[in-house]
Amino acid sequence: MLDIKFIRENKDLVSEGAKKKHIDFDVNALIEIDDKRRELLTMIENKRAEQNDVSQKIVNVSEPEEKKKMIENMQLLKTELQKEEEELKTVMLEWQKLMVSVPNIPDISVPEGLDDKDNREVKVFGEIPKFSFTPKNHIELMQNLDMLDLERGAKVSGFRGYFLKGDAVRLQFALWQFVQEHFFQKGDWKQMIVPSVVRREVFMGTGYLPQGEEDLYKTQDGDYLSGTAEVATMGYFMDEVLDIKDLPMKVLSFSPAYRREAGAHGKDTKGLIRVHEFYKFEQVVLCEASHAESVKFHEEIQRNTEELMEALKLPYHVVANCGGDLGLGQVKKYDIEAWLPSENTYRETGSASYFHDFQTRRLNIRYRDEEGKMRFVHSLNNTALSGRPLIMIIENYQQEDGSIKIPDVLQKYMGGQTVISKKS
RNA sequence: GGAUGGAUGGCUGAGUGGUCUAAAGCAACAGUCUUGAAAACUGUCGCCUGGGUAACUGGGCCGUGAGUUCGAAUCUCACUCCAUCCGCCA
């Protein structure tokens with residue numbers, strides 16, 4: 001959500017921002033409604049002032065006739081007041097509906113464009129592997145090594161269901177330990193394992209609702225399953241006032257992630273690229289309300305993820321997402337995409353974005369600045385490691401005989417094992 | 001599922017229809033004292049919002065929403081959340 005005062009003062013900026021994101025939003029309609037809201041509010045406040053004033057005087061009037069007359073006048077005033085309040089309520093409903101759909105303004109450095117085809121490559125790391133044989137995809141590799149069971153996954157869990165088995169489990173846990181240790185070594189990251197069942201309020205606050213309802217699983221109690229630990233981590237700080245000494249607040253959160261993939265029925269139907277349920281480490285940062293701080297930490301959390309990929313020696317590139325590929329609240333976003341040999345292309349493994357105070361205004365997360373003024377903190381998040389890098393490791397590290405080398409940095413978490421090969 | 005209690009500013013917490021314009025304490029900020037710091041003392045100090053260059057000033061906010069009343073933190077109703085106990089499950 002943006003500040004209505006800011007919207008009024010910068011309506012062209014807001015309008016152009018929406019256009020850049022290819023979101024249809026009529027700023028003038030909002031301002032028109034806001035004019036009406038202000039006009040009503042002034043009328044109501046004047047009547048309330050009179051009511052407060054007279055009510056206080058009534059106490060001291062001893063003359064019964066005079067007192068009676070004053071009360072009668074106040075009854076009349078009250079009727080008018082109630083009528084205007086009713087009117088205001090109607091206006092407010094429309095006002096709120098528009099307010100939650102105002103898109104945040106994309107940064108000037110965000111490329112123009114409609115969808116992910118227009119994203120701009122900003123960094124490339126590593127050599128794309130050249131195989132002296134035809135590389136297999138992760139499904140074949142994993143099934144041959146008894147690391148994956150999709151048939152039983154479908155039997156038990158349904159479409160996109162899967163079981164990870166054997167060395168896949170060991171490799172996956174090695175990855176989690178590696179990530180956890182990497183962030184622990186930085187010293188200034190707090191770690192949490194956070195809930196995935198989260199109340200509606202928090203989804204509203206983080207901007208996943210009201211838009212995006214069909215992408216979420218819902219419980220019969222009206223709660224939702226979150227697709228990222230970002231939601232619960234932000235919710236942790238909801239309605240709280242942070243001490244400026246605790247900023248920046250850096251949190252590495254782990255949780256299961258659930259995604260309905262409602263709009264992606266035909267996409268990536270095989271294997272582990274697109275699944276309904278996976279685990280993920282997420283970085284969340286809350287910082288002081290300055291654009292420069294947001295940019296600084298955006299680069300930092302992006303770099304953190306790159307460090308992980310580099311340590312794992314996975315070829316990747318980074319794209320700056322274009323306007324049309326940004327969410328409602330995002331100011332700027334980088335996607336990190338790792339090389340997937342079987343598709344001969346880069347596939348997304350993580351996404352780093354910052355929001356200014358778009359989320360924290362809704363969630364009411366504040367701090368007191370140097371001057372003692374209450375301000376909304378800025379929020380950012382980035383994937384640290386999702387479920388996908390496991391797939392990239394398996395495909396990039398495959399050898400001609402179908403065995404898979406284990407990345408150097410993971411070997412110590414697997415008892416010194418260097419390769420995954422067929423058990424005799 | 002049943003029973004009981006609760007929700008007040010950054011925090012703790014008083015407040016049962018009209019000086020509540022929300023006590024008090026803590027924290028914070030400024031000052032005095034001090035070589036410096038602490039302590040002590042003095043003063044300032046809730047949040048949101050309208051108007052005004054400013055001094056200042058209007059309105060709202062005591063979990064949320066309705067209601068009673070000339071007037072509600074306070075009375076009534078509904079809801080949400082939290083805590084404790086019992087039951088159920090593990």
Side-chain angles (χ1 to χ4, degrees), chain A residues 1-9 30-100 102 195 197-205 209-210 218-224 231-232 234-247 249 286 288-289 357-358 360-377:
Chain A
M1 196 154 65
L2 295 179
D3 184 2
I4 183 65
K5 223 177 351 184
F6 175 87
I7 297 171
R8 291 185 73 97
E9 285 163 9
L30 172 62
I31 291 184
E32 222 168 90
I33 278 276
D34 191 53
D35 285 338
K36 221 182 289 177
R37 179 187 72 100
R38 285 164 168 248
E39 191 190 327
L40 275 167
L41 223 45
T42 310
M43 279 161 63
I44 287 169
E45 283 179 5
N46 287 339
K47 287 202 171 62
R48 286 214 183 118
E50 191 182 344
Q51 195 177 51
N52 289 344
D53 187 50
V54 177
S55 292
Q56 227 162 43
K57 284 181 182 145
I58 282 177
V59 196
N60 301 315
V61 175
S62 45
E63 178 67 36
E65 275 305 307
E66 201 185 336
K67 194 165 192 159
K68 201 178 141 201
K69 220 168 95 189
M70 285 172 95
I71 288 175
E72 274 168 9
N73 281 339
M74 282 301 98
Q75 281 169 334
L76 261 158
L77 184 79
K78 197 168 83 169
T79 319
E80 287 173 47
L81 193 57
Q82 276 169 342
K83 218 192 302 168
E84 284 170 8
E85 279 172 344
E86 202 59 43
E87 213 177 317
L88 181 67
K89 213 193 291 173
T90 320
V91 170
M92 281 308 284
L93 236 63
E94 183 63 21
W95 187 83
Q96 274 154 356
K97 216 172 82 192
L98 289 175
M99 280 300 279
V100 295
V102 182
V197 178
V198 177
R199 296 205 277 119
R200 184 180 171 84
E201 252 185 300
V202 185
F203 279 92
M204 292 290 286
L209 287 173
K218 191 176 181 177
T219 74
Q220 63 265 49
D221 299 313
D223 300 320
Y224 294 81
V231 183
M234 291 299 290
Y236 182 93
F237 297 102
M238 183 168 68
D239 290 321
E240 303 210 358
V241 177
L242 305 182
D243 195 319
I244 192 166
K245 292 191 211 89
D246 293 331
L247 299 179
M249 175 71 71
L286 300 177
E288 288 183 52
D357 60 6
F358 188 91
T360 55
R361 186 179 296 278
R362 292 188 185 195
L363 286 165
N364 193 30
I365 305 175
R366 298 174 297 170
Y367 74 104
R368 214 178 274 281
D369 69 12
E370 295 90 343
E371 276 117 55
K373 205 174 132 46
M374 286 286 197
R375 309 196 56 179
F376 294 108
V377 300

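So that the names make sense, note that chain A is the first sequence line, chain B the second, and so on, each numbered from 1.
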Nearest-Å distance for atom pair [atom1]/[atom2], residues [X] and [N]:
X: A:Arg199; N: B:U64; atom1: CZ; atom2: C1'; answer: 12 Å
X: A:Gln220; N: B:G1; atom1: CD; atom2: C1'; answer: 15 Å
X: A:Met374; N: B:U49; atom1: CE; atom2: P; answer: 12 Å
X: A:Asp239; N: B:U8; atom1: CG; atom2: P; answer: 12 Å
X: A:Lys57; N: B:U19; atom1: NZ; atom2: P; answer: 16 Å
X: A:Leu242; N: B:C47; atom1: CG; atom2: C1'; answer: 16 Å
X: A:Asp221; N: B:C81; atom1: CG; atom2: P; answer: 9 Å
X: A:Lys245; N: B:G10; atom1: NZ; atom2: C1'; answer: 12 Å

- Tell me what A:Asp243 touches on the nucleic acid: a base, only sugar-phosphate, or nothing, going by heavy atoms under 4.0 Å. nothing
Could you list all N or O pairs between the protein and nucleotides 53-57 of chain B that sit under 3.5 Å apart?
none

The reported gap from CG in A:Leu81 to CD in A:Glu86 (rounded to nearest 0.5 angstrom) is 11.5 Å
Between the CG atom in A:Asp221 and the CZ atom in A:Arg200, the distance rounded to the nearest 0.5 Å is 14.5 Å
Ranking A:Arg361 and A:Asn46 by the position along RNA chain B of their nearest nucleotide, the one closer to 5' is A:Arg361
Contacts of A:Arg366 and A:Ile44 projected onto RNA chain B by closest heavy atom; the upstream (5') one is A:Arg366
Between [N] and [M], how far apart are the two [atom1] atoms, rounded to whole Å?
N: B:U69; M: B:A30; atom1: C1'; result: 45 Å
N: B:U21; M: B:C79; atom1: C1'; result: 31 Å
N: B:G52; M: B:G13; atom1: C1'; result: 37 Å
N: B:G31; M: B:A38; atom1: P; result: 12 Å
N: B:U16; M: B:C26; atom1: C1'; result: 27 Å
N: B:A23; M: B:C45; atom1: P; result: 11 Å
N: B:A28; M: B:U64; atom1: C1'; result: 31 Å
N: B:G17; M: B:G65; atom1: P; result: 24 Å

Has [X] got a side-chain atom pairing as donor or acceptor with [Y]'s backbone, closer than 3.5 angstrom?
X: A:Tyr236; Y: A:Val231; value: no
X: A:Thr360; Y: A:Asn364; value: no
X: A:Arg368; Y: A:Asp243; value: no
X: A:Asp369; Y: A:Lys373; value: yes

Quick note, A:Arg368 side chain, CB onward, closest among B:C81, B:G10, B:G60 is B:G10
Testing B:G51, B:C47, B:G58 for proximity to the side chain of A:Arg38, the answer is B:G51
*Basic-acidic side-chain contact under 4.0 Å: A:Arg8, A:Asp35*: yes
Sorted by chain and number, sequence neighbours left out, side chain to side chain donor-acceptor pair (under 3.5 Å) with A:Arg375 holds for none
Protein-proximity profile, nucleotides 66-73 of chain B, B/S/- by nucleotide at the 4.0 Å heavy-atom cutoff, equals S--BBS--
Counting only distance, no hydrogens or angles, is the base of B:G58 paired donor-acceptor with the side chain of A:Glu45 under 3.5 Å?
-> yes
Given Watson-Crick and G-U pairs under 3.5 Å, RNA chain B in dot-bracket ([ ] crossing, | other strand) is ((((((((.[[[..)..(.....]]].(((((.......))))).((((((....)))))).[[[[[..)....]]]]])))))))....
Does a side-chain heavy-atom distance below 4.5 Å link A:Tyr224 with A:Leu209?
yes
Between A:Lys47 and A:Lys78, is there a side-chain heavy-atom distance shorter than 4.5 Å?
no
The single option from A:Glu84, A:Glu85, A:Glu80 that satisfies salt bridge (charged side-chain N to carboxylate O under 4.0 Å, His left out) with A:Arg48 is A:Glu85
Residues pairing under side-chain hydrogen bond (donor to acceptor under 3.5 Å, both in side chains) where one sits in residues 87-97 of chain A, two or more places apart or in two chains, turn out to be A:Asp34-A:Trp95
Would you be so kind as to tabulate the donor-acceptor pairs closer than 3.5 Å made by side chains of residues 67-75 of chain A, with sequence neighbours excluded?
none

message = With a cut-off of less than 4.0 Å, is there a side-chain N or O of A:Asn364 near OP1 or OP2 of B:C48?
response = no
